[in-house]
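Worksheet for the structure shown next.
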Protein chains: 2
Amino acid sequence: MVETKDPKTNEVYALLKDKIVSLQYMPGQILIVQHLSEKYGFSRTPVREALVRLRDEGLLEDADGRKFRVKPITWKLISDIYDARKAIEMLAAQTVAETVSVSQLQEMRTIVDEMQKNYDNHNFNQYFQSDLNFHNKLIELSGNEVLKNWMDRINDQQQRIRYLTTNLHSRIEQSMPEHYHIVEKLEQRDGKGAMEMVSQHLTLARADILSQRENGSFFGIQD
Amino acid sequence: MVETKDPKTNEVYALLKDKIVSLQYMPGQILIVQHLSEKYGFSRTPVREALVRLRDEGLLEDADGRKFRVKPITWKLISDIYDARKAIEMLAAQTVAETVSVSQLQEMRTIVDEMQKNYDNHNFNQYFQSDLNFHNKLIELSGNEVLKNWMDRINDQQQRIRYLTTNLHSRIEQSMPEHYHIVEKLEQRDGKGAMEMVSQHLTLARADILSQRENGSFFGIQD
DNA sequence: CAATAAAAAAATGTATGCAAATTTAAATTT
DNA sequence: AAATTTAAATTTGCATACATTTTTTTATTG
């Protein structure tokens, strides 16, 4: 399928978004339309439009004058994101438990099994990816379009956070089985239970990340 | 404070957004950049950028070819929105109950009193506005920036829904005291209770709106 | 007539020019 | 030198031109 709508804008958008979430553009950095257009060989119009989109999506913010700045990551933002995630994933888990089909349950189980495989092989980047798949699939299976959009927004920030923080393997050790517990509750069609499991999982994950605030300073995280 | 960043784009954006949420542009309608730019006297560039923003915010969607369409309102969307709202407002209520200051409680009470006044005077448009204020304030007091952004998005759709559906005064009669109950739980710093009250309130509001689906067809709502 | 093809018209996406705003550098004053 | 003013350079937002794509209209075929 060929992209026919705003092909250039979409290309710069994807390019810049990738650089931002992978921290090649660091939080706080100022992005200049003219520089970007020269650097990447697009005219200023699509670059400008891409930056506006990225700002509206929360990856950039307005700086003094007319500039765009890569949005800083603060401990407060991380905390807010985890709280918000918990709220929507709890809802999703309950909904899914009450409506999920057998083949959909199989999809979930395939993903956790993949997580387990990646964990066993110590492929922690792959593990992170399948962890993301797990949570996205949960939202997707809820069928709630609004949650889906919100989750997409959050995932971009989540990826930046992921790069900025350390991944304690000890936490993954705890975290891995938690995902199995969630799937089990879904399989039992236990809405309340699934909700509770998701709540626990994300409460722990949140506490783990925030605890890193004490263990020294992290380059790129403010407060 | 003068708007210095993208003044034209912001102006068209605000203009078009107002027309969309007030249903002067109906769900399903196709918006043509060239027409709008001639009609309102802007060049195509700011109009185009405004449309892209509105699409990213969910008030427009991509149509065949390169067109923009005012996003249809479906019963499914209404249902999704209420579910999503419930999830984030429950979280907000709990947070607020646990952290709220005396002066903030006063702010909440001022708003419900205003609601009551509007209700007593049968100013139902004003009532709707203060109802909106109530829920926005709850989110605002939670201090969660992510929830705040999400709520802003939802409110635009909510306003369109409001215009498309009937407001049963009988429901307002029930609804009014529910807001007082929420404030009371906040005043008692009862997080769990506040959450429960919000849940009940929104569950009922959701059911009320969706029940209208049976009572005949509503122009502009699909499914 | 309906269906298809061809031609004309309209609308879009992007590049670019330009005036206005902003930033940086230089000059001037304390 | 530090602070202030002035001047130069840079960058932006918007209007517009133009090539390309999409849509509408007209012509042609079965």
Side-chain angles (χ1 to χ4, degrees), chain A residues 1-20 24-72 222, chain B residues 1-20 24-72 152:
Chain A
M1 194 196 81
V2 182
E3 183 82 62
T4 100
K5 189 159 189 172
D6 303 346
K8 304 264 183 189
T9 299
N10 280 311
E11 195 183 338
V12 206
Y13 167 78
L15 176 79
L16 293 177
K17 180 166 171 173
D18 177 69
K19 300 244 181 220
I20 293 167
Q24 292 176 262
Y25 290 132
M26 283 296 281
Q29 184 170 343
I30 298 288
L31 298 186
I32 306 289
V33 175
Q34 192 139 312
H35 296 176
L36 297 171
S37 75
E38 287 165 16
K39 185 168 161 73
Y40 298 116
F42 297 93
S43 79
R44 283 168 22 238
T45 307
V47 172
R48 196 185 135 62
E49 292 192 357
L51 292 184
V52 169
R53 271 173 70 182
L54 290 165
R55 180 199 50 194
D56 292 345
E57 291 179 12
L59 287 173
L60 301 176
E61 64 180 17
D62 289 329
D64 286 343
R66 298 156 119 160
K67 295 197 276 292
F68 291 100
R69 176 197 298 127
V70 179
K71 184 153 177 169
Q222 290 180 10
Chain B
M1 196 195 81
V2 183
E3 181 82 60
T4 95
K5 187 156 192 176
D6 303 345
K8 304 265 182 191
T9 300
N10 281 312
E11 196 183 337
V12 205
Y13 167 78
L15 176 80
L16 293 177
K17 179 166 171 174
D18 177 68
K19 301 243 180 221
I20 293 167
Q24 293 176 259
Y25 291 131
M26 283 295 281
Q29 185 170 344
I30 297 288
L31 298 186
I32 305 290
V33 175
Q34 191 138 319
H35 296 176
L36 297 171
S37 76
E38 286 164 17
K39 186 167 162 68
Y40 298 116
F42 298 92
S43 78
R44 289 191 293 111
T45 309
V47 172
R48 195 184 137 61
E49 292 191 358
L51 292 184
V52 170
R53 270 172 71 182
L54 291 164
R55 180 200 52 193
D56 292 346
E57 291 180 12
L59 287 173
L60 301 177
E61 63 180 18
D62 290 328
D64 285 344
R66 297 154 121 160
K67 295 199 275 292
F68 291 99
R69 178 196 297 127
V70 179
K71 183 152 178 166
D152 288 343

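Naming: A, B, ... by sequence-line order, numbering from 1 per chain. Values reported hereafter were calculated over all heavy atoms of this structure, with side chains retained and with hydrogens, waters and symmetry mates removed.
- Neither OP1 nor OP2 of D/dG13 sits under 4.0 Å from any side-chain N or O of A/Arg44.
- Panel note: side chain A/Lys71, backbone A/Leu59; no donor-acceptor pair is recorded below 3.5 Å.
- In this structure, B/Ile20 and B/Leu60 approach most closely via the heavy-atom pair CD1-CD2, 3.8 Å.
- As rounded to whole Å, 7 Å separates atom C1' of D/dT12 from atom CZ of A/Arg48.
- The CG-P distance, from A/Asn10 to C/dT12, rounds to 16 Å in whole Å.
- Minimum atom distance to the side chain of A/Arg66 is reached by C/dT22, of the listed C/dA15, C/dT22, D/dT22.
- Side-chain contact between A/Val52 and B/Asp56: absent, with no pair of heavy atoms (C-beta onward) separated by less than 4.5 Å.
- Note on B/Thr45: every side-chain N or O is 4.0 Å or more away from OP1 and OP2 of D/dG13.
- Atom NZ in B/Lys5 sits roughly 10 Å away from atom P in C/dT23 (whole-Å rounding).
- Atom CD of A/Glu11 and atom P of C/dG13 are 16 Å apart (whole Å).
- If you measure from atom CD of A/Glu49 to atom P of D/dT12, you get 15 Å, rounded to the nearest angstrom.
- Using a 4.0 Å cut-off between charged nitrogen and carboxylate oxygen, A/Arg48 and B/Asp6 count as a salt-bridge pair.
- Going from atom CG of B/Leu51 over to atom C1' of C/dA11 covers 13 Å, rounded to whole Å.
- The interatomic distance linking A/Lys67 (NZ) with C/dA21 (C1') rounds to 11 Å, in whole Å.
- Relative to the side chain of A/Ile32, the nucleotides D/dA15, D/dT11, D/dC14 differ in distance, and D/dT11 lies closest.
- The 5' end of DNA chain C is approached more closely, in terms of each residue's nearest nucleotide, by A/Phe42 than by the other of A/Phe42 and A/Gly65.
- Nearest to the side-chain atoms of B/Ser43 among the listed nucleotides D/dA15, D/dC14, C/dG13 stands D/dA15.
- Listed for the A/Lys5 side chain is a donor-acceptor partner under 3.5 Å among the backbone atoms of B/Lys67.
- Spacing between atom CD of A/Gln34 and atom P of C/dA21 amounts to 18 Å, rounded to whole angstrom units.
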